[in-house]
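What follows is a set of notes on a single structure, which appears directly below.
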Amino acid sequence: MPPRVVVIGGSLGGLNAALHLYRTGADVEVFERNGHEPRDDGAGVLLPPSTERLLAECGAFPVGVARTVRHFDAQGGLLREDPRAHRFASWAALHRALLTALGRDRVRRNHAVVGLEQDGRSAAALFRGGRIERADLVVCADGTGSTSRRLLLPRSFPRYAGYVAWRGRVHESSLPPSAARALAGAVSFLRLPDSHVRVSPAPGHLLDFVWYRDLPDGRALTATLTDRTGTQRSLTVPADMVPDASVRRMREAAAEMMPPFFAELVSRAPEPYVEQVVDVTVPRMVVGRICLIGDAAFTSRPPATAGAAKAVEDGWSLAAAVGRTGTDVPDALAEWEPARLERGRRLVAGACALGRSAGLWESTAKWPFTV
């Protein structure tokens, strides 16, 4: 009989792993804690060559293309321009493509994992409400704030990197022509003291931005991660929950710190949101018949821009190992884990080499940044 696989987490990493495992013949179900499909919040995903396998599995979906990389100084002067092509997808569009390829009937929503158990023959995921799902393999792809990781490896938790990221999306037509000309069709980096901005194209003549701001003060971080109801979020304040006062302060800071064409972009984003930037590492990715993949195992701070690619690699390489060993899941995991551990460690270490915590960009940043 084909192995039964339970995947915890229905984001990109979980859906990708589920799709590859399903296509090896495994009986796969995905359990996602959220009750609805994610909204398009302006997040973009870099599509490096290692994601070609993912694109082939998903079929066609909209992609934004940048033909050049531009680096600007704080006054808006062009430091350097490199002809280098990059492709970007809307996170939500990529998610929909994966969901369609796998089949929505294989995804169970409103299932938050609360426990993990196993014996020598199988593993089980316990969900809020009492449901228990037993399988030959449990794949934990529940992201940076992974409950699964906390259950398996309680000493491996997200560590604040010392800065936050504001993100948003703007249509080119809503910008002044001069700003659109400066930013459209390119990956643009802006160098600032203690922070930097990256702008990248998205499908449909949209521009995504991410603004990394040094924030070493704990009280300031707490205030930034407090939503409009007064609740402090652990990692991200979603767009519909960011207080108006926080958005106003962010836009005022942009107007003060950035050259006009970058400030215009930030000020015109209709629904910006903010997230804490963290590092996550684990000493192991396999515990018996349970494994961690993607950001649940390793989360790298920017500007590595490789998290999605690593999650894709984790998923298809896991499926390849399971496909080779059939129902011998322990052998498959033993074969799979060493290279993935090494890949995750190198990714996080490389990102951390740019500096840690307070004074990150000012003291140790290597400019200009590359993608």
Side-chain angles (χ1 to χ4, degrees), residues 1-11 13-34 102 105-157 280-298 311 313-345:
M1 291 180 60
R4 170 162 166 75
V5 181
V6 164
V7 177
I8 298 172
S11 189
L15 292 179
N16 168 75
L19 178 59
H20 286 292
L21 285 160
Y22 174 65
R23 291 188 172 170
T24 66
D27 175 18
V28 181
E29 280 189 287
V30 178
F31 293 84
E32 165 58 38
R33 65 181 178 182
N34 290 321
L102 175 65
D105 60 335
R106 294 194 169 273
V107 179
R108 314 286 176 247
R109 297 196 172 275
N110 282 314
H111 282 78
V113 67
V114 295
L116 295 167
E117 298 176 350
Q118 60 183 313
D119 55 32
R121 297 179 301 278
S122 65
L126 290 67
F127 298 97
R128 186 177 297 133
R131 182 169 181 170
I132 300 175
E133 289 291 331
R134 190 161 291 280
D136 299 294
L137 169 64
V138 174
V139 179
C140 303
D142 45 348
T144 301
S146 171
T147 299
S148 303
R149 183 183 60 243
R150 178 173 53 79
L151 293 168
L152 295 171
L153 303 169
R155 295 186 179 181
S156 298
F157 50 85
V280 176
T281 62
V282 292
R284 56 196 299 196
M285 295 172 70
V286 172
V287 179
R289 290 175 173 266
I290 305 172
C291 67
L292 298 162
I293 68 169
D295 285 343
F298 291 92
E313 294 165 8
D314 285 349
W316 67 252
S317 61
L318 175 63
V322 171
R324 284 191 293 271
T325 59
T327 57
D328 195 341
V329 169
D331 275 3
L333 294 177
E335 173 190 322
W336 170 80
E337 183 185 33
R340 304 319 303 160
L341 272 175
E342 177 62 21
R343 173 78 167 96
R345 289 166 180 161

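When a residue number appears, it is its place in the shown sequence, counting from 1.
Side-chain atoms of V322 and H20, non-hydrogen and from C-beta on, never get closer than 4.5 Å to each other. In this structure the side chain of W316 never reaches within 4.5 angstrom of the side chain of L19, judged on heavy atoms. The shortest distance between side-chain heavy atoms of R150 and F157 does not fall below 4.5 Å. For the pair R289 and D136, the minimum side-chain heavy-atom distance is below 4.5 Å. In this structure, the side chains of R33 and R128 stay at 4.5 Å or more apart for every pair of heavy atoms.
Scanning all heavy atoms of the two residues, the minimum distance from P283 to S156 falls at CD-OG, 3.3 Å. When all heavy atoms are compared, the tightest approach of C291 to V286 is CB-CG2, 4.2 Å. Residues E117 and R134 share a closest heavy-atom pair of OE1-NH2, 4.3 Å. The shortest non-hydrogen separation linking G14 to V7 is O-CG1, 3.6 Å. Pairing each heavy atom of I290 with each of C140, the nearest pair is CG2-SG, 3.6 Å. Residues T325 and A332 approach most closely at OG1-CB, 3.0 Å, considering heavy atoms.
Without hydrogens or angle criteria, D142 side chain to G9 main chain gives no donor-acceptor distance under 3.5 Å. A donor-acceptor contact shorter than 3.5 Å is absent between the side chain of D314 and the backbone of R340.
For A297, the side chain to side chain contact (heavy atoms under 4.5 Å, CB included) criterion is met by V282, M285, L292, not counting sequence neighbours. Residues passing the side chain to side chain contact (heavy atoms under 4.5 Å, CB included) test with L151 are L116, T147, sequence neighbours excluded. When the ring pair (Phe, Tyr, Trp, His ring centres under 6.0 Å) test is applied to F31, the partners found at least two apart in sequence or on another chain are H111, F127. Under the side chain to side chain donor-acceptor pair (under 3.5 Å) criterion, T144 pairs with T299, not counting sequence neighbours. Residues satisfying the side chain to side chain donor-acceptor pair (under 3.5 Å) test with R106, not counting sequence neighbours, are none. Checked against side chain to side chain donor-acceptor pair (under 3.5 Å), R324 has the following partners two or more places apart in sequence or in another chain: E335.
Between the CG atom in D27 and the CG atom in L21 there is a gap of 11.0 Å [rounded to 0.5 Å]. To the nearest 0.5 angstrom, I8 atom CD1 is 11.0 Å from E32 atom CD. Taking CG from L318 and CG from L333, the interatomic distance works out to 6.5 Å, rounded to the nearest 0.5 Å. Taking CD from E313 and CG from N16, the interatomic distance works out to 10.0 Å, rounded to the nearest 0.5 Å. Annotation: the span from E29 atom CD to D105 atom CG amounts to 9.5 Å, rounded to 0.5 Å.
A salt bridge is absent between E337 and R284; no separation between the charged side-chain nitrogens and carboxylate oxygens falls under 4.0 Å.
The environment of R131 atom CZ is dense: over 12 non-hydrogen atoms of other residues, nucleotides or ligands sit within 6.0 angstrom. Other residues, nucleotides and ligands contribute more than 12 heavy atoms inside 6.0 Å of the CZ atom of R108.
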